[in-house]
There are 2 protein chains.
Amino acid sequence: MRLLVLQYLMEQNRALSLNELEVLFENADKSTIFRTLKTFQENYLVHRINDGSGAIKYALCDDDCICSLEDNHIHFLCTKCEKTYCLKDTPIATPNLPNGFRANFANYLIEGICSTCT
Amino acid sequence: MRLLVLQYLMEQNRALSLNELEVLFENADKSTIFRTLKTFQENYLVHRINDGSGAIKYALCDDDCICSLEDNHIHFLCTKCEKTYCLKDTPIATPNLPNGFRANFANYLIEGICSTCT
DNA sequence: TAAGGAGTGCAATGCCATTGCAAAGTTTAG
DNA sequence: CTAAACTTTGCAATGGCATTGCACTCCTTA
């Protein structure tokens, strides 16, 4: 199962929800896939993205992703097809924070219409 | 109820969850507060913030907030006290998107430790 | 070949958002 | 003043998604 999920994630360039994977691997149970993704997270293979769609999305980490501020790319949620893209070529600078605020993690999410849904 | 909630929101400079308001106004029902906030949203008084904490947060809109890209300030979630701040003095530019991608809404969330929890 | 560990499925739980329905309160027209 | 119409509220139920306990199966290894 882990191999199948990992392979599928590698073939995609976007973030997938647990439910999408459930539908895809219909012979496997929800909880199996959940635990698969959990294992991946614990081993820094995937990171979670909360795109506000109600379902958490999972995407493969980059080689240099440490799942923190360093992994500072934008996620784009298409409100039409509900797909979430990792816009790794569109970096965004970490802004200066007010006094006393310390950042550990950042998540820049943009909602709109993706190129295939236009 | 609407007046009470609105007044309380105006006194805060941060985003509150439904649950926080429930606890605060314990004589009012969950659903009443929920519908109050829903009404506020429909009339562009508050906007919703998904800070990944599991609970949606609600914050008063600025006068010029049209609850879209224009309302492009950063939200800061303190992972210690779980409070969400609107960093209106820390604007962030909307980046250029790849070809064919059109943005309607943006949400920049930073997690870390706030100034009072440091 | 038996024992231990890993992976899986099922069912249950929990949390939060949301809604149907009826009761209570408020406004308005006569 | 009063009844009808509308609004607001509370309670209980529903639904979606994440998560977990438990038992069963499968695989590895001594």
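Proteins get letters first, then strands, A, B, ... in listed order; numbering begins at 1 in each.
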Could you check whether any side-chain N or O of B/Glu26 sits under 3.5 Å from a backbone N or O of B/Val23, counting only pairs where one atom can act as donor and the other as acceptor? no
Send over the distance from B/Glu42 CD to D/dT8 C1', rounded to a whole Å. 14 Å
How about B/Thr84 and B/Lys57: does a side-chain donor come under 3.5 Å of a side-chain acceptor? yes
Between the main-chain N or O of B/Leu45 and the side-chain N or O of B/Asn43, is there a donor-acceptor pair closer than 3.5 Å? no
Ranking C/dT8, C/dG7, C/dA17 by distance to the side chain of A/Thr36, first place goes to C/dT8
For the atom pair CZ (A/Phe101) and CD1 (B/Ile74), what is the distance rounded to the nearest 0.5 Å? 11.5 Å
When all nucleic acid strands are considered with a 4.0 Å heavy-atom cut-off, which category describes B/Arg35: base, sugar-phosphate, or nothing? base
Protein-nucleotide distance (A/Glu26, atom CD; C/dC10, atom P), rounded to Å: 13 Å
Protein-nucleotide distance (B/Lys30, atom NZ; C/dT19, atom C1'), rounded to Å: 13 Å
Take atom CG of A/Asn27 and atom C1' of C/dT8, then tell me their distance rounded to the nearest Å. 12 Å
Is it the case that the side chain of B/Thr79 and the backbone of B/Glu111 share a donor-acceptor pair, with hydrogens and angles ignored and the cut-off at 3.5 Å? no
Contact under 4.0 Å: B/Lys38 side-chain N or O vs C/dT19 OP1/OP2: yes
Checking D/dA18, D/dT8, D/dG10 against the side chain of A/Ala55 (C-beta onward), the nearest is D/dA18
Taking any heavy-atom pair under 4.0 Å as a contact, classify A/Asn50: base, sugar-phosphate, or nothing. nothing
Side chain of A/Phe34 only, please: which of D/dA18, D/dG10, D/dT9 is the nearest? D/dA18
For the pair made of CG in B/Asp29 and C1' in C/dC16, what is the distance, rounded to whole Å? 14 Å
Could you state the CG-C1' distance from B/Leu21 to C/dA17, rounded to the nearest angstrom? 14 Å
Considering only side-chain heavy atoms of B/Tyr58, which listed nucleotide, C/dT18, D/dT9, D/dC17, is closest? C/dT18
Where each residue is assigned the nucleotide of DNA chain C containing its nearest heavy atom, which of B/Ser31 and A/Thr32 is assigned the position nearer the 5′ end? A/Thr32
Starting at atom CD1 of A/Ile56, determine the distance to atom P of C/dC16, rounded to an integer number of angstrom. 13 Å
Length of the line joining A/Glu20:CD and D/dG16:P, which is rounded to integer Å: 17 Å
